[in-house]
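This report concerns only the one structure given below.
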Amino acid sequence: MNNFPEKKHITKAEINELPMKAYEGTIHLFNTEAEADAAAAKLLGETLLGFDTETRPAFRKGESYDPSLLQLATESEVYLFQIQQCGLTPNLIKVLSSPDIVKAGVAIDRDISELQAMVPFAADGFIELATPAKQAGIKNLGLRGMTAILFGFRISKKEQVSNWARKELTGSQQTYAATDAWLGRKIYQAFMKNGLV
């Protein structure tokens with residue numbers, strides 16, 4: 001545990017004092033089946049991806065939506081798939097089913113089951129980051145809390161309940177979505193350095 005933070009819990013007020021940071025790298029957005037499948041084919045060569053999904057928020061009781069966006073982050077780029085438009089293509093399914101590609105994220109069980117409801121597949125290679133966080137004694141198990149404890153910055157949640165089903169995502173939505181996936185990968189690497197995954 002050479003460089004692991006001493007601090008295991010952080011309050012909302014303390015998080016709000018931290019500097020704001022977002023993903024600043026390359027973002028690719030795909031909304032056609034052909035483009036999405038070609039991009040996913042590239043991802044089959046990766047060994048570690050940050051993973052997240054975004055779903056249009058439901059404000060009425062009994063209302064629910066399929067995921068709108070699937071985010072996968074490599075070391076240098078984030079791929080955003082508008083799956084309401086491009087679908088879960090054969091190569092995307094291969095990525096999500098591959099035991100050789102680690103896909104790391106927070107609160108991923110629901111994301112996976114919602115994707116499987118769209119197209120059945122055998123999920124493999126997924127890592128729930130709350131598990132190593134608990135082993136490390138970290139009390140904040142959400143993405144925002146873990147980020148604050150591990151890296152000392154906060155992320156915006158402004159776009160969380162925006163309309164992810166819209167045909168054209170705003171720049172702000174794209175950055176928000178990319179940040180979540182980028183951090184999944186970054187947090188996994190922090191735990192890996194400390195022998196927790």
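Nothing fancy with the numbering, it's 1 onward along the sequence. Keep in mind the model is a prediction, meaning the values are calculated, not measured.
Contact detail for A36 and F81: the closest heavy-atom pair is O-CE2, 3.5 Å. Scanning both residues, L80 and A178, for their nearest heavy atoms gives CD2-N, 4.2 Å. When every heavy atom of D124 is checked against every heavy atom of S97, the shortest pair comes out as CB-O, 3.2 Å. A107 and E128 get closest at one heavy-atom pair: N-OE1, 2.9 Å. When every heavy atom of E168 is checked against every heavy atom of R166, the shortest pair comes out as O-NE, 2.9 Å.
The side-chain heavy atoms of L69 and L169, taken from C-beta on, include a pair separated by under 4.5 Å. Side-chain contact between L115 and F121: present, with at least one pair of heavy atoms (C-beta onward) separated by less than 4.5 Å. Inter-residue side-chain proximity for I112 and L96 is flagged as unmet; no heavy-atom pair is nearer than 4.5 Å. No side-chain heavy atom of S68 sits less than 4.5 Å from a side-chain heavy atom of I83. K21 places none of its side-chain heavy atoms less than 4.5 Å from the side chain of Y23. Using a 4.5 Å cut-off on side-chain heavy atoms (C-beta onward), E159 and T170 make contact. Between C86 and E35, the closest side-chain pair of non-hydrogen atoms is not below 4.5 Å. Looking only at side-chain heavy atoms (C-beta outward), K158 and S172 come within less than 4.5 Å of each other.
No side-chain donor from either of Q174 and Y176 sits under 3.5 Å from a side-chain acceptor of the other. Side-chain contact check for E14 and T11: at least one donor-acceptor pair (N or O, by modelled atom type) lies under 3.5 Å. In summary, the side chains of S162 and Q173 do present a donor paired with an acceptor at a separation below 3.5 Å, with no hydrogens or angles considered.
In the hydrophobic clustering of this structure, L29 does not group with Y79; members are Ile, Leu, Val, Met, Phe, Trp, Tyr whose side-chain heavy atoms approach within less than 4.5 Å, directly or through other members. At a threshold of 4.5 Å between side-chain heavy atoms, the hydrophobic network of Ile, Leu, Val, Met, Phe, Trp and Tyr places L43 and L70 in one connected group. Note on L196 and F126: separate hydrophobic clusters, where clusters join Ile, Leu, Val, Met, Phe, Trp and Tyr whose side-chain heavy atoms are under 4.5 Å apart, directly or indirectly. Residue I27 is not grouped with residue V95 when hydrophobic side chains (ILVMFWY) are merged at heavy-atom distances under 4.5 angstrom, including chains of intermediate members. Under a hydrophobic clustering in which Ile, Leu, Val, Met, Phe, Trp and Tyr are joined whenever their side-chain heavy atoms come within less than 4.5 Å, directly or via other members, L92 and V119 fall into the same cluster.
Formation of a donor-acceptor pair under 3.5 Å by the T89 side chain with backbone atoms of E33 is not found in this model. Checking side-chain atoms of Q82 against main-chain N and O of Q84 turns up no donor-acceptor pair under 3.5 Å. N140 places a side-chain N or O within donor-acceptor distance of the main-chain N or O of I10, the cut-off being under 3.5 Å. A donor-acceptor pair is defined here as one N or O able to donate and one able to accept, closer than 3.5 Å; such a pair exists between the side chain of N16 and the backbone of K12. Remark: side-chain polar atoms of R144 are paired, donor with acceptor, to backbone N or O of I155 under 3.5 angstrom. When atom types are taken as modelled, the side chain of N31 and the backbone of Q85 share no donor-acceptor pair closer than 3.5 angstrom. Although no hydrogens or angles enter the test, the distance criterion places a donor-acceptor pair under 3.5 Å between the side chain of K103 and the main chain of S98.
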Worked verdict on F191 versus L150 for side chain to side chain contact (heavy atoms under 4.5 Å, CB included): CA-CA 10 Å; F191 288 146; L150 293 171; 4.2 Å; yes
Before you tell me yes or no, could you show the steps for R110 and I108 under side chain to side chain contact (heavy atoms under 4.5 Å, CB included), namely the whole-Å CA-CA distance, both residues' side-chain angles and the distance that decides it to 0.1 Å? CA-CA 6 Å; R110 188 171 164 197; I108 59 176; over 6 Å; no
Show the numbers, then the answer: is there a side chain to side chain contact (heavy atoms under 4.5 Å, CB included) between L72 and V78? CA-CA 6 Å; L72 295 167; V78 178; over 6 Å; no
Going through the checks in order, is the side chain to side chain contact (heavy atoms under 4.5 Å, CB included) test met by L44 and K94? CA-CA 8 Å; L44 287 167; K94 280 185 195 165; 3.7 Å; yes
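Atoms CD and OG1, from E77 and T74 in turn, are 5.0 Å apart once rounded to the nearest 0.5 Å. To the nearest 0.5 Å, the span separating CD on E17 from CZ on R154 amounts to 8.5 Å. Between the OG1 atom in T175 and the CG atom in D180 there is a gap of 11.0 Å [rounded to 0.5 Å]. Taking CZ of F153 as the reference point, atom CG of L18 lies at 9.5 Å (rounded to 0.5 Å). Here L129 contributes atom CG and L141 contributes atom CG; the two are 10.5 Å apart, rounded to the nearest 0.5 Å. Atoms CH2 and CD1, from W182 and I187 in turn, are 9.5 Å apart once rounded to the nearest 0.5 Å.
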In residues 47-57, what donor-acceptor pairs under 3.5 Å come from side-chain atoms, sequence neighbours left out?
unit_1	atom_1	unit_2	atom_2	d
D52	OD2	Q71	NE2	3.4
T53	OG1	D111	OD1	3.0
E54	OE2	Q71	NE2	3.2

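Among residues two or more places apart in sequence or in another chain, the ring-ring contact (aromatic ring centres under 6.0 Å, His included) test is passed with Y188 by none. Every residue two or more places apart in sequence or in another chain was checked for a ring-ring contact (aromatic ring centres under 6.0 Å, His included) with H9, and none qualifies.
For the pair K186 and F151, the cation-pi criterion (under 6.0 Å, within 45° of the ring axis) is fulfilled.
Within a 6.0 Å radius of CD in Q116, other residues, nucleotides and ligands contribute more than 12 heavy atoms. Within a 6.0 Å radius of CD in E24, other residues, nucleotides and ligands contribute 12 heavy atoms or fewer. Counting non-hydrogen atoms of other residues, nucleotides and ligands closer than 6.0 Å to NZ of K157 gives a total above 12.
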